[in-house]
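The analysis underlying the following values was restricted to heavy atoms, covering all of them including side chains, and did not include hydrogens, waters or symmetry mates.
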Amino acid sequence: MAHAILRPTVIRFLELAFTDDATDIQVEEIQVKSTSRLLNVELKNSGIRQKLDLIILTIKKADDTLIFNPTADTRIEVDDTLVVVGRAKSLTALERMLRS
């Protein structure tokens with residue numbers, strides 16, 4: 001209840017994004033495979049933000065460390081797990097890019 005009072009816009013966004021069936025925003029985690037075409041590519045050159053309009057919240061590295069709000073220079077590496085928010089169609093496209 002305190003969060004709703006102190007951060008009403010955050011609460012409204014979360015409710016809209018994750019409970020409204022009419023909203024096409026999802027959060028997914030996608031693991032990078034060794035066959036990915038984005039392997040060893042920096043985020044700024046990946047097209048994830050520019051072409052797919054997705055936001056990477058976190059990258060979990062193979063050693064289980066988490067990189068919150070990764071920089072544009074962060075490289076996508078094998079066995080990384082990307083936590084991404086965006087539209088379902090774009091998430092599906094990214095999943096194909098990271099797994100093949």
Side-chain angles (χ1 to χ4, degrees):
M1 185 66 153
H3 287 289
I5 294 168
L6 297 174
R7 296 179 185 92
T9 306
V10 172
I11 298 301
R12 184 165 182 241
F13 166 76
L14 292 173
E15 288 174 345
L16 176 68
F18 303 116
T19 62
D20 184 349
D21 291 337
T23 303
D24 185 31
I25 297 174
Q26 298 176 14
V27 176
E28 283 294 337
E29 62 178 69
I30 307 168
Q31 188 175 26
V32 180
K33 300 295 183 185
S34 61
T35 54
S36 172
R37 63 180 111 163
L38 294 180
L39 199 59
N40 298 315
V41 174
E42 293 178 334
L43 290 177
K44 65 185 172 192
N45 299 321
S46 69
I48 293 171
R49 177 74 178 139
Q50 305 88 338
K51 295 177 184 173
L52 298 178
D53 198 28
L54 295 170
I55 300 168
I56 298 178
L57 302 173
T58 302
I59 297 177
K60 183 180 77 116
K61 304 305 281 180
D63 66 1
D64 283 337
T65 58
L66 296 174
I67 302 173
F68 295 99
N69 192 23
T71 66
D73 295 327
T74 303
R75 287 190 180 275
I76 298 170
E77 299 175 335
V78 68
D79 293 330
D80 282 355
T81 300
L82 279 59
V83 179
V84 187
V85 63
R87 302 204 180 281
K89 184 177 180 179
S90 294
L91 290 166
T92 300
L94 178 60
E95 187 171 7
R96 281 193 303 271
M97 294 168 73
L98 293 176
R99 293 191 174 167
S100 61

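With hydrophobic clusters built from ILVMFWY side chains whose heavy atoms lie under 4.5 angstrom apart, I56 does not share a cluster with V27. The hydrophobic clustering, which links ILVMFWY residues whose side-chain heavy atoms are closer than 4.5 Å, places L94 and L39 together.
Applying the side chain to side chain donor-acceptor pair (under 3.5 Å) test to D73 and every residue at least two apart in sequence or in another chain returns K44. With sequence neighbours excluded, no residue forms a side chain to side chain donor-acceptor pair (under 3.5 Å) with T58. In this structure, D63 has no salt bridge (charged side-chain N to carboxylate O under 4.0 Å, His left out) partners at least two apart in sequence or on a different chain. By the side chain to side chain donor-acceptor pair (under 3.5 Å) test, S34 is found to be paired with no residue, residues two or more places apart in sequence or in another chain being considered. R75 meets the salt bridge (charged side-chain N to carboxylate O under 4.0 Å, His left out) test with E42; sequence neighbours excluded. Taking R49 as the reference, D53 meet the salt bridge (charged side-chain N to carboxylate O under 4.0 Å, His left out) condition, with sequence neighbours excluded. Residues meeting the side chain to side chain contact (heavy atoms under 4.5 Å, CB included) test with R99, sequence neighbours left out: I30, K33, E95.
Other members of the hydrophobic cluster containing L66, listed by chain and number, are F68; membership follows side-chain contacts under 4.5 Å among ILVMFWY residues, whether direct or relayed.
Taking CG of L52 as the reference point, atom CD of Q50 lies at 9.0 Å (rounded to 0.5 Å). Rounding to the nearest 0.5 angstrom, the gap separating the CD1 atom in I67 from the CG atom in L57 is 13.5 Å. Distance check: E28 CD to L54 CG gives 10.5 Å after rounding to the nearest 0.5 Å. Atom CG of N69 sits about 10.0 Å away from atom CD1 of I55, to the nearest 0.5 Å.
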Task: Evaluation steps, side-chain contact (heavy atoms from CB on, under 4.5 Å), between V32 and L38 - done: CA-CA 8 Å; V32 180; L38 294 180; over 6 Å; no
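The two residues S36 and M97 have their closest heavy-atom pair at OG-O, 2.8 Å.
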Result block: side-chain N/O donor-acceptor pairs under 3.5 angstrom for residues 77-87, not counting sequence neighbours:
unit_1: E77; atom_1: OE1; unit_2: K61; atom_2: NZ; d: 2.9
unit_1: D80; atom_1: OD1; unit_2: K61; atom_2: NZ; d: 3.1
unit_1: D80; atom_1: OD2; unit_2: K61; atom_2: NZ; d: 2.9
unit_1: D80; atom_1: OD2; unit_2: E77; atom_2: N; d: 2.9

